[in-house]
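In this chain, numbering begins with 1 at the start of the sequence shown.
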Amino acid sequence: MRILVTGSEGRIGRRVVRRLLERGYRVRGYDQRAGPAGGEGTYELVQGHLLEHEKLEQAVADADVVVHLAGQILFDDRQARHIVDTNLRATLEVLEAMAHSGHRWHRAVLASSGQVYPDSHALYSPVDEDHPLQPDTYYGYAKQTSEAAAWFYQRKWAIPTVCLRFTHVQEPAELIDPSSEWSGPRFFLNVRLAALRRSDPPSAEVEEAIRRIEAVAGEQEQLLLSRGPDGRPYEMTIAHPDDIASGILLAIERDEAVGQVYNLGPAGSFNFGEVIPYMAKHLGLPYVALDLPLRPYHYQTSIAKARAQLGYWPRYDAFAMIDEAIAQRRGESKRLQGE
């Protein structure tokens with residue numbers, strides 16, 4: 001069986017390709033970036049954009065499964081057209097290529113997102129698959145509409161489909177890296193301050209948050225334990241890419257997954273009140289707890305359905321991810337010292 005993986009060079013795609021090759025599948029990657037993600041094994045990479053129709057049609061032509069991971073996480077309203085093109089329009093191109101390939105499909109696995117709820121501002125927690133879909137970003141809208149398109153193609157073209165709603169996914173090393181696009185402003189005080197100062201135009205709440213952070217900031221970087229106006233620490237879910245890859249393989253191989261939507265994420269939440277002190281201890285950094293006058297987030301993502309129906313069992317919680325990141329950093333430091 002040949003499996004096409006779009007976004008094969010991404011943090012999840014690389015792992016999916018490797019796992020599939022280990023299981024003996026023939027794998028074709030499709031990505032704008034050069035690879036190869038797969039290394040050894042029956043692997044080929046098609047380098048291209050999903051809006052390159054002929055190239056995509058050729059890549060799809062002899063596949064049995066498509067795992068569609070390609071897309072771009074972006075929340076800038078000023079780039080609405082780009083967000084829709086890279087997430088929704090590209091998905092439609094993949095589905096159209098599958099529909100007109102002329103052969104019978106084993107499976108289409110579509111990567112969606114908790115932003116369809118959105119999980120960060122959900123009506124209840126833990127957030128399950130029955131939560132109303134009411135995205136408040138163009139990215140969430142594009143993912144919601146992509147899901148609707150996938151179900152349409154399943155009905156019209158008999159493409160067996162699974163939709164997977166990923167929670168926030170990061171490499172462990174990103175969690176402790178101030179330069180990380182997501183973790184830097186989330187966990188590091190000076191980086192958060194710089195990000196807030198770039199707000200254009202800043203709201204009264206942002207200006208007050210800047211004032212509170214400036215009162216405790218210094219030259220030395222510190223970790224930030226963000227709390228809401230009521231003093232409750234922020235809480236969210238952050239998944240290890242390995243765990244998401246495990247869920248994708250189950251969606252490919254388990255027939256009961258067809259026609260279903262599943263949340264994929266970690267077993268527990270990333271509670272800032274618990275994890276930031278742990279991170280501070282292991283990084284040797286001080287941390288500051290601040291009540292910020294910004295819209296807080298306090299949520300967990302339910303993976304009960306994936307556990308019950310697919311046997312999905314993630315290995316990593318927040319502490320295990322930090323432990324791995326610290327071990328990687330120490331290993332890299334030893335390697336550099338030995339050179």
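For an aromatic pair to be called close, the ring centres must be under 6.0 Å apart, and Tyr278 with Phe319 satisfies this. Aromatic ring centres of Phe187 and Phe272: separated by under 6.0 Å.
The backbone N or O of Ala70 lies less than 3.5 Å from a partner atom in the side chain of Thr6, making a donor-acceptor pair. Judged by distance alone, with hydrogens and angles left aside, the side-chain atoms of Thr161 form a donor-acceptor pair with the main-chain N or O of Ile159 at under 3.5 Å. Under the 3.5 Å distance criterion, the side-chain polar atoms of Asp119 are left unmatched by any main-chain donor or acceptor of Thr301. At distances below 3.5 Å, not a single donor-acceptor pair connects side-chain atoms of Asp255 with backbone N or O atoms of Val258. No donor-acceptor pair under 3.5 Å is formed between the side chain of Glu9 and the backbone N or O of Arg33. Between the side chain of Ser113 and the main chain of Gln115, a donor-acceptor pair closer than 3.5 Å is present. The backbone N or O of Pro118 sits nowhere less than 3.5 Å from a side-chain atom of His131 that would complete a donor-acceptor pair. Remark: the backbone N or O of Glu44 is not paired with any side-chain donor or acceptor of Arg26 at under 3.5 angstrom.
Annotation for Leu264 and Ile248: closest pair CD1-N, 4.2 Å, computed over non-hydrogen atoms.
At a threshold of 4.5 Å between non-hydrogen side-chain atoms, the residues Leu196 and Ile213 count as touching. Taking 4.5 Å as the limit, some side-chain heavy atom of Tyr312 sits within range of a side-chain heavy atom of Asp243. Looking at heavy atoms from C-beta onward, Arg227 lies out of side-chain contact with Leu292 at the 4.5 angstrom threshold. For the pair Arg28 and Arg2, the minimum side-chain heavy-atom distance is below 4.5 Å. You'll find the side chain of Val109 reaches within 4.5 Å of the side chain of Leu164, heavy atoms only. Under the 4.5 Å side-chain criterion, counting only non-hydrogen atoms from C-beta, Gln144 is not in contact with Tyr139. You'll find the side chain of Arg11 stays beyond 4.5 Å of the side chain of His240, heavy atoms only. The side-chain heavy atoms of Ile3 and Val67, taken from C-beta on, include a pair separated by under 4.5 Å.
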Evaluate Phe188 against Gln222 for side chain to side chain contact (heavy atoms under 4.5 Å, CB included), listing each step before the verdict. CA-CA 6 Å; Phe188 292 87; Gln222 304 172 76; over 6 Å; no

Assess the residue pair Ser183 and Gln170 against the criterion (side chain to side chain donor-acceptor pair (under 3.5 Å)); give the C-alpha distance rounded to whole Å, side-chain angles, the decisive distance to 0.1 Å, and a yes or no. CA-CA 9 Å; Ser183 290; Gln170 289 198 245; 3.0 Å; yes

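Ring planes of Trp182 and Phe75: perpendicular class, angle over 60° (limits at 30 and 60°).
Side-chain atoms of Glu96 and His100 include a donor-acceptor pair closer than 3.5 Å. Inspection of the Gln47 and Lys55 side chains reveals no N or O donor paired with an N or O acceptor under 3.5 Å.
Between Ser269 and the options Glu274, Glu235, His298, a side chain to side chain donor-acceptor pair (under 3.5 Å) holds for only Glu235. Of the residues Arg165, Arg307, Gln309, the one that meets the side chain to side chain donor-acceptor pair (under 3.5 Å) test with Tyr262 is Gln309. Of the residues listed (Arg23, His106, Arg107), the one engaging Glu253 in a side chain to side chain donor-acceptor pair (under 3.5 Å) is Arg23, and it is the only one.
The environment of OH in Tyr25 is crowded: more than 12 heavy-atom neighbours from other residues, nucleotides or ligands sit within 6.0 Å. Heavy atoms of other residues, nucleotides or ligands lying less than 6.0 angstrom from OH of Tyr316 number more than 12. For OH of Tyr138, the number of neighbouring non-hydrogen atoms (other residues, nucleotides, ligands) closer than 6.0 Å is 12 at most. Applying the 6.0 Å contact sphere to CD of Glu256 captures more than 12 heavy atoms from other residues, nucleotides or ligands.
Tracing side-chain contacts under 4.5 Å through hydrophobic residues (I, L, V, M, F, W, Y), one reaches Phe270 starting from Leu285; they form part of the same cluster.
Applying the salt bridge (Lys or Arg N to Asp or Glu O under 4.0 Å) rule to pairs touching residues 190-206 yields Arg197-Glu214, sequence neighbours excluded.
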